[in-house]
Amino acid sequence: MNEFDLIRRYFTRPSSQSVLGVGDDAAIVRPRVGYDLHMSVDMLVQDRHFFADVSPVALGHKTLAVNLSDMAAMGATPRWILLSLAVPAIDEAWVAGFAQGLYALASQYGVELIGGDTTRGPLTLSVTVLGEAPAGKALKRCAAQVGDDIWVTGVLGLGAVALRERLQPTGAIPAEVLEQCQQRLDFPCPRVEMGKSLLDLAHAAIDVSDGLLADLGHILTASAVGAELWAEALPSLSWLEADRSQWLECMAAGGDDYELCFTAPAHQRQAIEQRGRLVGCRVSRIGVVKAERSLQLLGQSGERIVLGRTGFDHFK
Ligand code: ADP
Ligand code: MG
């Protein structure tokens, strides 16, 4: 099997949403009138973003999920993707699994693979995603306002717990908890529906990939504001919440959550909770935006908590 057979067999499917899909020198799309085109790219590199033994199905899912998560954070609807693939050799079983994981998630969100590039090299996976949102309506990082509530979707820290237990096994985590954490690390759930439904409710948003504190920090910097976060309010699995001091660092600074952190005016509280129920996404109010430009994590009696690490930086 050569490069072209591989593309034809695994990465070519008829496309109904694009003008021209896989097979020519470029794909052609036509965004809807009145919408802005959103574009983003994310790359996963073996031994940096994933272990060599991760299943290809999980990798296919995650490579796309991290990109859909970026669209969700803008409030955009993902529509098209391009896939760049470097593989050390053509291993058909691996490619079939990868394509299965990728297409399963893509079809869940009506996203179409319309092109890409394939080459030999150390295993590297990159998806470029194109999405749409009503013109001028995106949830930008720079839009947080003093007095905004700070919210987060879903649960935090699961991916980080799975990663920590793999790197420094303690054997102290019950099997079913660890299983949920591992599932989250391998199959993150992009909050696309919630992101879209926040367009008319929230001010600023970001997806939590490098850790809540680090990613919220990006909103604060871009918006020239600060914030106070309440450690007790950070949502996680109840087993992890029960020993919060032990797991706080995973929840607040772990990364690999792919939840949305967003800010919204206080008068939208009920609407946000209602939207969360409507799309089946837990939402938790975890802090407030302040004028003073610092980010403080506060304990139960208002004491300041300082964590050993605050987030993930590839070059640290
Ligand atoms: P070119 O030489 O013009 O770059 P390629 O031979 O790389 O073209 O690709 C041929 C066609 O296959 C193009 O339409 C390209 O977008 C598509 N393609 C290549 N690799 C992939 C991939 N991994 N997934 C989806 N489409 C791909
Ligand atoms: Mg090419």
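Remember, it's 1-based here, ligands and their atoms both numbered in the order they're listed. Values below: all heavy atoms of this structure, side chains included; hydrogens, waters and symmetry mates excluded.
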> So with a 6.0 Å cut-off around CD of Gln300, is the heavy-atom count from everything else above 12?
Replying inline: no
>> For the residue pair Ser236 / Glu241, report whether a side-chain donor-acceptor contact shorter than 3.5 Å exists.
In response: no
> Taking N or O atoms only and a 3.5 Å limit, does Leu85 qualify as a polar contact for ligand 1?
Replying inline: no
> Which one of Ile286, Val152, Leu240 satisfies the side chain to side chain contact (heavy atoms under 4.5 Å, CB included) criterion with Leu234?
Replying inline: Ile286
> Closer than 4.0 angstrom: is that true for some heavy atom of Tyr10 and an atom of ligand 1?
Replying inline: no
> Do Tyr109 and Glu193 have a side chain donor and acceptor closer than 3.5 Å?
Replying inline: no
> Does a side chain donor of either Thr170 or Glu165 reach within less than 3.5 Å of an acceptor in the other side chain?
Replying inline: yes
>> Show me which atoms of ligand 1 lie under 4.0 Å from any heavy atom of Thr118.
In response: 19 (C), 20 (N), 21 (C), 22 (C), 23 (N)
> Is it the side chain, the backbone, both or neither of Asp24 that has a heavy atom closer than 4.0 Å to ligand 1?
Replying inline: backbone
> Is ligand 1 under 4.0 Å from a heavy atom in the side chain of Ile7, in the backbone, in both, or in neither?
Replying inline: side chain
> For ligand 1, which atoms sit closer than 4.0 Å to a heavy atom of Asp25?
Replying inline: 3 (O)
> Between the side chains of Ser16 and Glu112, does any donor sit under 3.5 Å from an acceptor?
Replying inline: yes
> Do ligand 1 and Gly23 have nitrogen or oxygen atoms that lie under 3.5 Å from each other?
Replying inline: yes
